Amino acid sequence: MSRRILFVAMQMSIHVARWIRSIENRGWDLHLFPVNSGPVMEELNTITVHRPFLRVEARLLQHARKQWAKAVGNSRPSGISQGCTSAKTRQSILHLPMLEEFERYIDRIFRIRIGESRTLCPLPYGPQVLAKLIQRLNPDLIHSIEFQHAGYRVLQAKELLGRSFPTWLATNWGSDIYYYQRFEGHRRQIRRLLENIDYYSCECERDVKLARELGLKGKAMRPFPNAGGIDLTLAKEFRSRVRTSCRRLVVVKGYQHFAGRALTALDALERCADALRSFDVVLFSVSREVAETARDLRRKGTLNIWTSEYLPHEQMLGLHSRARVYLAVSISDAISTSMLEAIAMGAFPIQTNTSCCDEWIEDGESGFIVHPEDVDGIAESVRMAVTDDQLVDHAAELNWVTVKKRLDQHYVARNIHDLYESIFEDISNRSVGSI
């Protein structure tokens, strides 16, 4: 019998898409409950996506009303009507036709608080609708990917449904516990979540320890990257084009938000600008404030600096393959997918100690681990990385050994598959034991 998995996850995330794609051919019945009315990644076009409403175009509204009337009168046990609005398989939970534009409006206006953290979510994508879907779908496993947007609403759905709740696996992304535990409302809600889940997965040992300290009662699975692995054949081709010490590019993570501190990174680069005269600097995924600061530095002639809002995965790898140094400053992260991509491409990583980078690189040997508020220390690390050829070439060799051992996409895919197989085996054993 095919196992049924219901994912509750951010449907617009490439990390979610890569994770689910890695098991799409395993014969399991895969379903997704999105967190809002936003678009679904095209990479997820082979799984069933459940929306609250049957999405229709204006000219098809009258026909949709007939479909709705027929669905409401349908006595099938599943109680779910299907609507095909694209190549994806979509199913309607509430049997109500809705214009996509109006659904987005409802998302913005009608929002509810989930639990003591006061996290907001759109009413149509809230715990009540999720609970209705769970009752009808009856999945073998619910997998919430990320805590604040996905896990919190699964927790409330479980509280609504009580003891009849399926087995639950919760995945912790970068800052879900490490950062949000600092806020009392979130801390209480994280504790309740950890006390209610059956299985827990994350990217690093740090977050296993934190989860146990905060009350995890379920089984902690072995940590590995949440975003999937790297195509080693492609990586070897890219990284071998230019030796690390011969590269003249510094790549900087451009996030400036609750955790990202790209402005601190720019401050550090300005302090070592004399060592960067022959280098270009590229910031990716930049916010407006960061882009404006970068333009000022370029206009003044301080740095040869450029910005990019978004690059597809392969282009991002290409950028890292031309970089001598990768710099990321933040006050919270897990492994950092971009750091893994950088070391796979031979770039020398400089990453803040608020991540789990110490589980992947050795400070001073295969990278530098810095404090997010030590601007002078970050500047000095960059200066050393752009002037010491032996350091960066040796680090590239060390990191490539790590990448081949721990980041091969086939190896990571096997880990993901084995994670689910282990859970399903436990479920089967419990079922046999209850007979």
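From a predicted model like this one, the values you see are computed outputs, not experimental measurements.
- Checked by atom type, the side-chain pair Asn138/Arg4 shows no donor-acceptor distance below 3.5 Å.
- Ring-plane geometry between Tyr200 and Phe147 is classed as perpendicular, the angle between the planes exceeding 60 degrees on a 0 to 90 degree scale with a lower cut at 30.
- Under a 3.5 Å cut-off, the side chain of Arg118 and the backbone N or O of Ile114 do not form any donor-acceptor pair.
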Margin query: Assess the residue pair Glu116 and Arg192 against the criterion (salt bridge (charged side-chain N to carboxylate O under 4.0 Å, His left out)); give the C-alpha distance rounded to whole Å, side-chain angles, the decisive distance to 0.1 Å, and a yes or no.
Written below: CA-CA 10 Å; Glu116 53 270 62; Arg192 288 198 298 111; 2.6 Å; yes
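- Considering only heavy atoms from C-beta on, Ile145 comes within 4.5 Å of His143 through its side chain.
- Between Glu184 and Arg188 there is a salt bridge, with a side-chain nitrogen of the basic residue lying less than 4.0 Å from a carboxylate oxygen of the acidic one.
- Checking side-chain atoms of Glu146 against main-chain N and O of His149 turns up a donor-acceptor pair under 3.5 Å.
- For Glu373, the CD atom counts as loosely surrounded, since its 6.0 Å shell holds 12 or fewer non-hydrogen atoms of other residues, nucleotides or ligands.
- In this structure, Phe7 has its ring center no closer than 6.0 Å to that of His31.
- For the pair Arg3 and Tyr420, the NZ or CZ position fails the cation-pi test of under 6.0 Å to the six-membered ring centre and within 45 degrees of the ring normal.
- Between Gln181 and the options Arg187, His186, Glu213, a side chain to side chain donor-acceptor pair (under 3.5 Å) holds for only Arg187.
- When the shell of 6.0 Å around CZ of Arg191 is examined, it contains more than 12 heavy atoms from other residues, nucleotides or ligands.
- Under the 3.5 Å distance criterion, with hydrogens and angles disregarded, no donor-acceptor pair is assigned to the side chains of Asp29 and Ser2.
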Note to self: Apply salt bridge (charged side-chain N to carboxylate O under 4.0 Å, His left out) to residues Asp388 and Arg383 and explain how you reach the verdict.
What the structure shows: CA-CA 9 Å; Asp388 190 333; Arg383 184 183 298 277; over 6 Å; no
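- Gln91 places no side-chain N or O within 3.5 Å of a backbone atom of Thr48 that could act as its donor or acceptor partner.
- Although no hydrogens or angles enter the test, the distance criterion places no donor-acceptor pair under 3.5 Å between the side chain of Lys158 and the main chain of Phe165.
- A donor atom on one side chain and an acceptor atom on the other are not found under 3.5 Å apart for Thr354 and Ser332.
- Side-chain contact check for Ser245 and Asp393: at least one donor-acceptor pair (N or O, by modelled atom type) lies under 3.5 Å.
- The shortest side-chain heavy-atom distance between Lys132 and Leu94 falls under the 4.5 Å cut-off.
- A donor-acceptor contact closer than 3.5 angstrom links the side chains of Glu103 and Tyr125.
- Looking only at atom types and distance, the side chain of Arg239 has no donor-acceptor partner in the side chain of His320 under 3.5 Å away.
- Summarising the local packing, CZ of Arg288 is surrounded by 12 or fewer heavy atoms from other residues, nucleotides or ligands at distances under 6.0 Å.
- Of the charged side-chain nitrogens involved, none lies within less than 4.0 Å of a carboxylate oxygen, so that Lys236 and Asp231 do not count as a salt-bridged pair.
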